[in-house]
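We count ligands from 1, going down the list as the structure has it; atoms in each ligand are counted the same way.
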Amino acid sequence: MATARARVIVIGGGTMGLAIAAAAAREGADVLVLERFEHVHELGSHGGFTRVTRQAYHEGSGYVPLVRESEAAWERLEALSGARLLVRCGLLEIGSPEDPELQAAISACEEHGIERVIVDAEEAARRWPLRPPPGWIACFTPSGGFVRVKACMDALRAEAVGLGARVRYGARAREISSGAALRVLLDSGELLPCDRVVLAAGASSSGLLPRRLGALLAVRRRVLGWSTPAAAELGRLRAMPVWGAFCASGFFYGFPWGEEGIAGCKLARHVYTAPGEDARLDPDAVDREIHAEDLAPLAEFQEKHMPGAVGPWAAAKVCLYTCTPSGDFIVDTHPDDPRVVIAAGFSGHGFKFSPAIGRLCARLCAGDDSDVPARFRLKTHLSGASW
Ligand SMILES: Cc1cc2nc3c(=O)[nH]c(=O)nc-3n(C[C@H](O)[C@H](O)[C@H](O)COP(=O)(O)OP(=O)(O)OC[C@H]3O[C@@H](n4cnc5c(N)ncnc54)[C@H](O)[C@@H]3O)c2cc1C
């Protein structure tokens with residue numbers, strides 16, 4: 001007699017939810033994805049059209065195999081979908097040679113044999129349209145680049161649906177009911193039975209498991225800007241790699257000039273917590289207006305380090321981080337109910353990993369936690385710092 005397929009409900013049809021759905025469907029599960037909004041939107045964490053992918057991982061060299069696994073998955077999905085998902089234009093990182101994060105990026109390269117070229121500030125300024133201060137260095141890794149958000153999410157959804165997964169839009173999960181029978185209650189009042197639930201609700205995750213996640217997750221408002229440089233600068237800006245700069249006020253990063261969604265030079269500042277920041281933002285009440293003070297640090301960075309990219313702002317967008325205190329992700333089963341899998345806290349650097357996170361969650365649904373890194377486990381987070 002054939003065994004019944006496990007019924008898996010994935011809460012959240014964003015970045016991780018679609019990757020989890022594809023991976024669980026590949027393993028033979030009967031998958032239903034619940035998404036409160038629509039396919040690819042700007043109210044969560046995946047808005048803004050593109051995401052950096054980098055192997056020179058300063059957040060910890062343990063992330064490198066997961067980046068590589070995901071990049072291989074994007075390439076596999078490119079072959080399946082015929083769409084371009086991953087653009088390997090290289091990654092250029094600049095900073096003081098004493099900067100611990102730049103040192104960590106270089107160590108990750110050494111540990112994992114990642115091809116890199118390290119040059120001084122003068123040579124960097126000759127080769128690329130960045131101006132590192134004298135004494136800084138630049139590390140170029142040809143494997144870096146960016147992924148195209150909508151194309152990636154289209155490909156993940158197409159794969160999941162092709163394997164029999166269903167995706168329901170406008171379906172907001174209100175509660176995970178974890179009694180003898182596992183069920184998900186929707187806002188509509190519908191109760192959906194299942195064998196496993198994967199919580200991948202991005203910035204809204206702690207609202208569904210407040211007792212377990214409330215103290216660990218902090219939603220942050222972040223702003224992406226697109227500047228319009230002078231026409232004479234476009235050639236060099238278009239040909240440059242994705243870039244990052246380790247500065248005292250945060251990690252500034254950006255993309256070559258391009259027309260992904262918005263024509264311009266896209267950049268942002270990556271910090272888990274800015275001074276004075278409120279640790280308890282309500283994701284449904286985030287200020288989505290752009291203010292002068294949002295763009296001031298980006299303009300100041302360009303004036304100092306990337307003068308060719310300076311120009312009027314073509315656009316700016318608000319996007320949400322869901323941060324853990326350490327910046328590491330949470331990928332684990334619920335400590336009180338192993339039928340519930342949690343994929344949350346991607347702390348502003350999760351997109352590039354989504355295929356690998358999908359695989360880890362599909363394995364957790366099947367009762368196998370052997371590949372989950374210790375840094376992603378709830379007990380590691382609970383034993384560390386809190387907000
Ligand atoms: C400004 C910015 C820049 C970034 N840059 C990078 C980068 O360069 N490289 C990189 O790798 N990562 C980057 N990231 C991080 C990356 O985009 C996120 O880590 C990733 O998108 C998180 O995926 P997620 O699935 O957790 O969230 P989302 O993609 O937001 O998905 C969560 C989904 O759950 C849905 N949902 C919420 N509540 C419910 C509910 N109750 N019921 C049903 N559905 C629900 C939401 O509508 C949403 O679609 C960046 C993030 C931001 C904000």
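Here's the thing with Val52: one of its N/O atoms is less than 3.5 angstrom from an N/O atom of ligand 1. Checking only distances, Arg222 never comes within under 3.5 Å of ligand 1, N or O to N or O. Residue Cys319 places no N or O, backbone or side chain, under 3.5 Å from any N or O of ligand 1. Here's the thing with Arg172: none of its N/O atoms is less than 3.5 angstrom from an N/O atom of ligand 1.
Using a 4.0 Å cut-off between heavy atoms, Ala200 contacts ligand 1 through its backbone alone, with no side-chain atom that close. Contact annotation: for Ser347 versus ligand 1, there are no heavy atoms closer than 4.0 Å. Contact annotation: for His349 versus ligand 1, heavy atoms closer than 4.0 Å belong to the backbone alone. Proximity of Phe353 to ligand 1, defined as any heavy-atom pair under 4.0 Å, is not found for any part of the residue. Contacts between Ile11 and ligand 1, counted as non-hydrogen atom pairs separated by less than 4.0 Å, involve the side chain only. Counting heavy atoms under 4.0 Å from ligand 1, residue Val223 does not touch it at all. When non-hydrogen atoms are compared, ligand 1 lies under 4.0 Å from the side chain of Leu208 (C-beta onward) but not from its backbone. Contacts between Arg174 and ligand 1 below 4.0 angstrom, taking non-hydrogen atoms only, are absent altogether.
With 3.5 Å as the limit, one finds no donor-acceptor pair spanning the side chains of His381 and Asp332. A donor-acceptor pair shorter than 3.5 Å cannot be found between the side chains of Gln55 and Thr141. Glu111 and Ser61 share a side-chain donor-acceptor pair at under 3.5 Å. Side chains of Ser143 and Arg88: no donor on one and acceptor on the other come within 3.5 Å.
Here the protein heavy atom with the shortest distance to atom 41 (N) of ligand 1 is Ala173 O, 2.9 Å.
A donor-acceptor pair is defined here as one N or O able to donate and one able to accept, closer than 3.5 Å; such a pair exists between the side chain of Arg222 and the backbone of Val271.
For His112 and Tyr57, the ring centers sit 6.0 Å or farther from each other.
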